[in-house]
Amino acid sequence: MKKELVFGYLFLGFLLSDRLEAQQDHDFLHDVYDSRHQSPAQQRYRDLAPVPAGVVYIQRPGEGEAEIRWHFRTMKELGFTNLKQIMPLPDWSLEQIQLIALEEGLIPWWYAEGGWDPISPELIQKIGLPAGMELSEVRRHPKMIAYQTDYLKKRVQTYAEEVRQSGHREHIRGSSSAYDPIVGERGLDLSDLGKKLFVSWAREQYQTIDQLNLAHNQHHHGLATGGQPYTSWEDFEKRWQAYNHRELRIVRDILRFKADYGVSALKEKVRSFQKVDVNAPYRAGGELGLFRPHAYFGVNFPGIAEAMRDVGSFYPSIHFTWHFDQVRDELGPTVYMQASYIQDMFKGGWSGGWETTGGPQQFGGEKFGQNNKGFTVDAPEMEQFTLSMLAAGFKGWGLWSWSVRTAGAEVGEYALLDHQNNVTERAVAVGKIAKAMQKYREEIWSLHKEPQVGVFFDWDNEAMWTALSLKGQDSLRYRPMEARVGLTRALINADIPFEFVTKQDLEAGLAQRYPVIYLPAVLALDKSMVPVLIRYVSNGGRLVMDMPGAWMDTYSALFPRGMGSDFADLFGVVLREYQFSGINRDWSIQGALLTGSIGDIQPVSAEVVQRFDNGKAAVTVNKKGHGAVVLIGYEAARACFRPRQDLAEERLLRAVMPEGMKVPVSSEQAIVYRLAGPESDHYFLLNEQAETIQARLDIAGPNYTAMEDAVSGETLPMDAPVTIEAHGARWIRMQKD
């Protein structure tokens, strides 16, 4: 729900008086961002700028060549560029339909032109084009299209030959899902092979048995395996399965081993794929809901993204009945959260929605969430869905599906066409967006987020929450996700741009990209991060942490938060211990009850800017160097997890946002997402209401000279509200001065 709060909260008295520069003057370090996952492959994609708008074709019984060509010509006419997937009948081969698609001008793979023969000066000369021609003209030239079509036909033949020789399609699959229980199911389960390989993994990680003993807290009371630390690697191999159930680092290690093994297996699949075809992009990351506890599943999404650096694209699966259970099947902003999570884990790389929904659905899906759930997915919802993915930074998508399954599970669900194979309003609406994606494809690849808030994510923190949950409350493993959702919900409702940021991003030099960095529910804080954070704050950043922050380090030992510690130097407080509100004792602020972890804060150099109703410190600010550190003594982010928590969101934003920080464009009526470019900025406006709205835009930052609807091409007056239909969205292009 769009907030009714106005941006007056940015100027309340207890905020810091220090003013950050207006957003348009801030250096967002786009070059550093682009370099994070740079490689020859990623540069090739960036130069070619593919923005696939693909669909899945499911062949119906009785559909022959004439019907197939009708489907493909209709797709092409509407604006779709490629086939994300083809599902042929038993008496048809995949290759037959792929060749028909190429004849009709559709690329029969998810990556569209991303899988072309790389365009080089030699290739340009070979097909007879002028050497000085712009690449955007080269890729559109009929000679290049004809050459690449022949090249792709040869790929079809190569793959067909591979299938004939091998008897299977595994080596040419070209995609992998995130969760693959190769060495064990979710949680602590390990297969016999997994148990054996875990020992080798631990030896590689820690090198010496003394280092492992230290990491596994064997020097702490009651945690040594069998009462004694390991004496050698041989001893570890014999005894590790009898580890003390109170020791948590080994739980983290088992989960990380499984995640690392999954990435290694993924790399092996890529090598097999590239032996057949070195130029076709590979994709990995899908088929695991992004609100699930990933460490519990033994999945490391940043690790998967890193594996795609040299070979392809990183992607999620987003299907309404499958991937929104943990947020009670809420859509709208949660789609943007999902897409941003993937995009932001692969900074500088090619991300897209290569496995996403296409139409209404009522059956199937996960077992959780609501009962009797189903979704209306009409033109407005599909506009919101596809534009939210673009707004997050995705460079294309693949929709499941164009046509419906005609029998069995998922019969009649998910599709752009109706049950009678008729084109629907949603197919037309999405096709128009697809055409705009092609019109602005080079521009889309030049766009960046300009985040005012970096939302910190650390896999080890997730793993420690999971470790606590396995011997405690199952719900604990969901806490960090809930905090991220709460924080990003509050930011979305206030039109404040954000980006997920990892420890590796900060170590790579991206810290100063973010005027504010927020650590939500960082129960386990990596001690090596403290010097990085001190440097960030000293250079002008604003660091915010809420509870139960820095309870332990990433080895599960109590984090040093006492007098004279680096923590006390950074936060200006001693964080003595933690209490809890909502069971036997209620804690409140200005009469508003709080739920969850409460920090017992003892100020040293920090100023107390807000107190609990019992008089104890609730929020402190410590000025350090050119920046400041805010400690929130309660679960501020997680309190915003559910929709319509207006008071909790207001409290959160008061603590987070420094006075004077500007939101470039905001609206009280609509959600506003922004991507910034050299010559134009692109805005994506979402209407969560069940009625048409007139969204008035408050332009406070950049100097724009013109505004147009990117989809229709209509010029829009900058001083007039934008009409957005119920549950719908608009894509607005703002020309810069």
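Along the sequence shown, residues are numbered consecutively beginning with 1. FYI, side chains are in, hydrogens and waters are out, and symmetry mates aren't considered; it's all heavy atoms of this structure. This one's a predicted model, so the numbers in the text were calculated from it and none came from an experiment.
- For the residue pair D378 / H727, no side-chain donor-acceptor distance below 3.5 Å is found, with atom types taken as modelled.
- Ring geometry for H71 versus Y57: interplanar angle of 30 to 60°, hence tilted.
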Set out, in order, the CA-CA distance, both residues' side-chain angles and the distance that settles side chain to side chain donor-acceptor pair (under 3.5 Å) for N421 and E63, then state yes or no. CA-CA 11 Å; N421 256 351; E63 284 186 345; 2.8 Å; yes
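- F346 and F314 have perpendicular rings, their planes meeting at more than 60° on a 0 to 90° scale where under 30° would count as parallel.
- Checking side-chain atoms of D495 against main-chain N and O of V672 turns up a donor-acceptor pair under 3.5 Å.
- Within the 4.5 Å cutoff, no side-chain heavy atoms of M144 are placed close to those of M133.
- In this pair, F498 and Y336 present their aromatic rings perpendicular. The plane angle is above 60°, beyond the 30 to 60° band.
- H294 and Y341 have tilted rings, their planes meeting at an angle from 30° to 60° on a 0 to 90° scale.
- Under a cut-off of 6.0 angstrom, the local environment of CZ in R140 is crowded, with over 12 non-hydrogen atoms contributed by other residues, nucleotides or ligands.
- Side-chain contact of E725 with T692: a donor-acceptor pair under 3.5 Å is absent, judged by distance alone.
- Between Y440 and H682, the two ring planes are perpendicular [angle over 60°; tilted spans 30° to 60°].
- Using a 4.0 Å cut-off between charged side-chain N and carboxylate O, E442 and R139 make a salt bridge.
- A donor-acceptor pair is defined here as one N or O able to donate and one able to accept, closer than 3.5 Å; no such pair exists between the side chain of R674 and the backbone of Y683.
- Counting only distance, with no hydrogens or angles, the side chain of E410 and the backbone of R405 share no donor-acceptor pair below 3.5 Å.
- Judged purely by atom type and a 3.5 angstrom limit, S176 has no side-chain atom pairing as donor or acceptor with the backbone of A284.
- Side-chain contact check for Y414 versus L399: every heavy-atom pair is 4.5 Å or farther apart.
- In this structure, K395 forms a cation-pi arrangement with W445, its terminal cationic atom sitting closer than 6.0 Å to the ring centre and no more than 45° off the ring axis.
- Under the 4.5 Å side-chain criterion, counting only non-hydrogen atoms from C-beta, L685 is not in contact with Q669.
- Side-chain atoms of Q735 come within 3.5 Å of backbone atoms of E679 as a donor-acceptor pair (strictly under, hydrogens ignored).
- Remark: the W322 side chain and the S317 side chain contain no N/O donor-acceptor pair separated by less than 3.5 Å.
- Taking the six-membered ring where tryptophan is involved, the planes of W109 and Y111 are essentially parallel, since the angle between them stays under 30° and well short of 60°.
- Within 6.0 Å of atom OH in Y151, more than 12 heavy atoms from other residues, nucleotides or ligands are found, so the atom counts as buried in its surroundings.
- Within 6.0 Å of the NZ atom in K736, the count of heavy atoms belonging to other residues, nucleotides or ligands exceeds 12.
- Taking the six-membered ring for Trp and the full ring otherwise, F385 and F320 have centroids separated by under 6.0 Å.
- For the 3.5 Å distance criterion, the side chains of Y315 and T356 fail to qualify, holding no donor opposite an acceptor.
- Sparse packing is recorded around CD of E425, with 12 or fewer heavy atoms of other residues, nucleotides or ligands lying under 6.0 Å away.
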